[in-house]
2 protein chains.
Amino acid sequence: MAFHKKEEFSAKDQSLAAFAKAISHPARIAILTVLARKNECICGEIVEILPLAQSTVSQHLKELKNAGLINGTVDGPRSCYCINWKSFEKFNAEFGSLFTKLKEVNAKCC
Amino acid sequence: MAFHKKEEFSAKDQSLAAFAKAISHPARIAILTVLARKNECICGEIVEILPLAQSTVSQHLKELKNAGLINGTVDGPRSCYCINWKSFEKFNAEFGSLFTKLKEVNAKCC
DNA sequence: TTCTTTTATCGTATATTTGCGATATTAGAT
DNA sequence: ATCTAATATCGCAAATATACGATAAAAGAA
């Protein structure tokens with residue numbers, strides 16, 4: 001069954017995989033780009049830019065937030081999101097070190 | 001419906017998302033690590049190391065291959081895999097530039 | 001209070017992913 | 001030709017992801 005096999009892998013691999021999953025949909029990469037580009041932490045503006053329904057965008061935002069890649073604060077009837085640079089940088093380093101590690105341990109093959 | 005909305009995003013975002021998806025499962029990260037570490041391009045050895053059935057590992061290998069992250073060559077009754085460093089490096093750069101780009105266009109918020 | 005705007009959440013449909021066992025398939029060994 | 005070992009693929013079940021419309025919630029404006 002499609003059961004929690006994921007948990008049998010190392011915490012590091014799980015963490016990196018979770019981060020990768022967060023950015024494994026073009027809509028979420030587009031959202032991150034919009035968040036970085038706009039001066040303010042938009043919300044409904046994202047809906048206008050993306051070819052997706054409001055509820056769908058809200059769901060993607062939730063996933064990015066759960067992954068820790070963005071922060072969200074409530075401002076009246078609207079929500080203000082922005083990139084969590086700290087954790088984003090952490091994941092960036094984590095990913096970079098995967099590549100570095102792979103290269104280091106490599107010993108030519110095929 | 002869960003329809004091809006993905007195709008409405010930029011080619012670059014789609015490409016990066018596809019790469020992220022390829023490494024969005026700890027088993028696949030573990031496979032990449034094994035492939036990099038072992039001197040030879042293992043195959044069934046991976047099955048022994050991972051807590052997964054042979055058919056499942058074979059499927060993960062297929063996905064990594066489809067994503068272009070590994071190469072596979074048939075050697076008698078067995079298959080020999082190794083990391084495709086060229087495309088892996090390409091994706092690494094692509095990912096790094098996402099982070100760089102986000103930082104560049106950013107203009108403080110929240 | 002009632003209306004409006006903005007966003008989150010619920011319910012639902014469909015698609016994809018994950019995983020396994022069983023069954024091909026391939027090629028060397030007997 | 002038959003057996004064996006290593007892999008890939010098929011068929012299936014269960015879980016998760018994607019997407020939408022409808023509805024709830026929150027707070028300012030009328």
Side-chain angles (χ1 to χ4, degrees), chain A residues 1-9 13-14 17-31 34-35 38 40-67 70-82, chain B residues 1-9 13-14 17-18 20-31 34-35 38 40-67 70-82 110:
Chain A
M1 300 121 221
F3 246 4
H4 350 62
K5 284 286 183 176
K6 277 181 186 175
E7 290 158 25
E8 298 189 23
F9 294 91
D13 285 356
Q14 284 185 58
F19 165 59
K21 172 167 274 179
I23 61 166
S24 75
H25 194 292
R28 292 195 284 272
I29 293 176
I31 288 174
V34 172
L35 284 183
K38 290 278 179 181
E40 318 152 49
C41 307
I42 321 89
C43 37
E45 284 193 72
I46 299 171
V47 176
E48 282 180 27
I49 295 171
L50 302 201
L52 297 171
Q54 179 270 321
S55 56
T56 307
V57 170
S58 197
Q59 233 172 256
H60 281 306
L61 284 167
K62 193 180 177 186
E63 276 172 73
L64 285 170
K65 197 177 174 186
N66 285 343
I70 65 175
N71 293 321
T73 54
V74 178
D75 168 28
R78 72 210 59 150
S79 289
C80 172
Y81 290 99
C82 65
Chain B
M1 301 123 222
F3 246 6
H4 348 62
K5 284 286 183 176
K6 278 181 186 174
E7 291 160 23
E8 298 190 23
F9 293 91
D13 285 357
Q14 284 185 59
K21 171 167 273 179
I23 61 166
S24 75
H25 194 291
R28 292 196 283 272
I29 292 176
I31 287 174
V34 172
L35 284 182
K38 290 279 179 179
E40 320 152 49
C41 308
I42 321 88
C43 36
E45 284 192 72
I46 298 171
V47 175
E48 282 179 27
I49 295 171
L50 302 201
L52 298 171
Q54 179 268 320
S55 56
T56 307
V57 170
S58 197
Q59 232 172 255
H60 282 305
L61 284 167
K62 194 180 176 185
E63 277 173 72
L64 285 170
K65 197 177 173 188
N66 284 343
I70 65 175
N71 293 322
T73 54
V74 179
D75 168 28
R78 73 211 58 152
S79 289
C80 173
Y81 290 99
C82 66
C110 283

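Remember, it's a predicted structure, so these values are computed and weren't measured experimentally. Throughout, a chain's letter reflects where its sequence line sits, starting with A, and its residues are numbered from 1. Side chains included, hydrogens not; waters and symmetry mates left out as well; all remaining heavy atoms used.
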Checklist entry - Where each residue is assigned the nucleotide of DNA chain D containing its nearest heavy atom, which of V74(A) and K21(A) is assigned the position nearer the 5′ end? => result K21(A)
Checklist entry - Would you say dT18(D) has OP1 or OP2 under 4.0 Å from some side-chain N or O of R28(A)? => result yes
Item to check | Heavy-atom donor-acceptor pair, Q59(B) side-chain to dA8(D) base, under 3.5 Å | outcome: no
Checklist entry - For the atom pair NE2 (H60(B)) and CD1 (I46(B)), what is the distance rounded to the nearest 0.5 Å? => result 11.5 Å
Checklist entry - If you take all heavy atoms of I49(A) and K38(A), which pair is closest and at what distance? => result CD1-CE, 4.3 Å
Checklist entry - Atom NZ of K62(B) and atom C1' of dC10(D): how far apart are they, to the nearest Å? => result 10 Å
Next on the checklist: Mind checking if K65(B) touches a base, just sugar-phosphate, or nothing, with heavy atoms under 4.0 Å?
Outcome noted: nothing
Checklist outcome for this item: Atom CG of N66(B) and atom P of dT17(C) are separated, to the nearest Å, by 11 Å
Next on the checklist: Between A27(A) and P77(A), which residue's closest nucleotide on DNA chain D lies nearer the 5′ terminus?
Outcome noted: A27(A)
Item to check | For L52(A) against A27(A), the heavy-atom pair lying closest together | outcome: CD1-CB, 3.8 Å
Checklist entry - Rounded to the Å, how far apart are Q54(B) CD and dT9(D) P? => result 11 Å
Checklist entry - Separation of H60(B) atom NE2 from dA8(D) atom P, in whole Å? => result 14 Å
Next on the checklist: Between Q14(B) and F9(B) (side chain of the first, backbone of the second, donor and acceptor by atom type, cut-off under 3.5 Å), is there such a pair?
Outcome noted: yes
Checklist entry - Does D75(B) or V57(B) map to a spot on DNA chain C nearer the 5' end, using the closest nucleotide for each? => result V57(B)
Checklist entry - Once you round it to whole Å, what is the distance between C1' of dT18(D) and CD of Q14(B)? => result 15 Å
Checklist outcome for this item: E8(A) atom CD is separated from dG19(C) atom P, nearest whole Å, by 9 Å
Checklist entry - Can you tell me how far NE2 of H25(B) sits from NZ of K21(A), rounded to the nearest 0.5 angstrom? => result 7.0 Å
Checklist entry - Which nucleotide in the list dA8(D), dA19(D), dG19(C) gets nearest to the side chain of Y81(B)? => result dA8(D)
Checklist entry - Any side-chain heavy atom of L61(B) within less than 4.5 Å of one from Y81(B)? => result yes
Checklist entry - What does S55(A) touch in the nucleic acid at a heavy-atom separation under 4.0 angstrom: a base, only the sugar-phosphate, or nothing? => result base
Next on the checklist: Measuring from the side chain of S79(B) (C-beta onward, heavy atoms only), which nucleotide among dT18(C), dA17(D), dA8(D) has the closest atom?
Outcome noted: dA8(D)
Next on the checklist: Please pick, from dA26(D), dG19(C), dA8(C), the nucleotide with the shortest atom-to-atom distance to any side-chain atom of H25(B).
Outcome noted: dG19(C)
Next on the checklist: At 4.0 Å (heavy atoms only), tell me whether T56(B) reaches a base, stays on the sugar-phosphate, or touches nothing.
Outcome noted: base
Item to check | Length of the CD1-C1' vector between I46(B) and dA8(D), whole Å | outcome: 14 Å
Next on the checklist: Using OP1 and OP2 only, check whether a side-chain N or O of K6(A) sits under 4.0 Å from dA15(D).
Outcome noted: no
Checklist entry - What nucleotide, of dA27(D), dA8(D), dG19(C), holds the atom closest to the side chain of S58(B)? => result dA8(D)
Item to check | Length of the CD1-C1' vector between I31(A) and dT18(D), whole Å | outcome: 13 Å
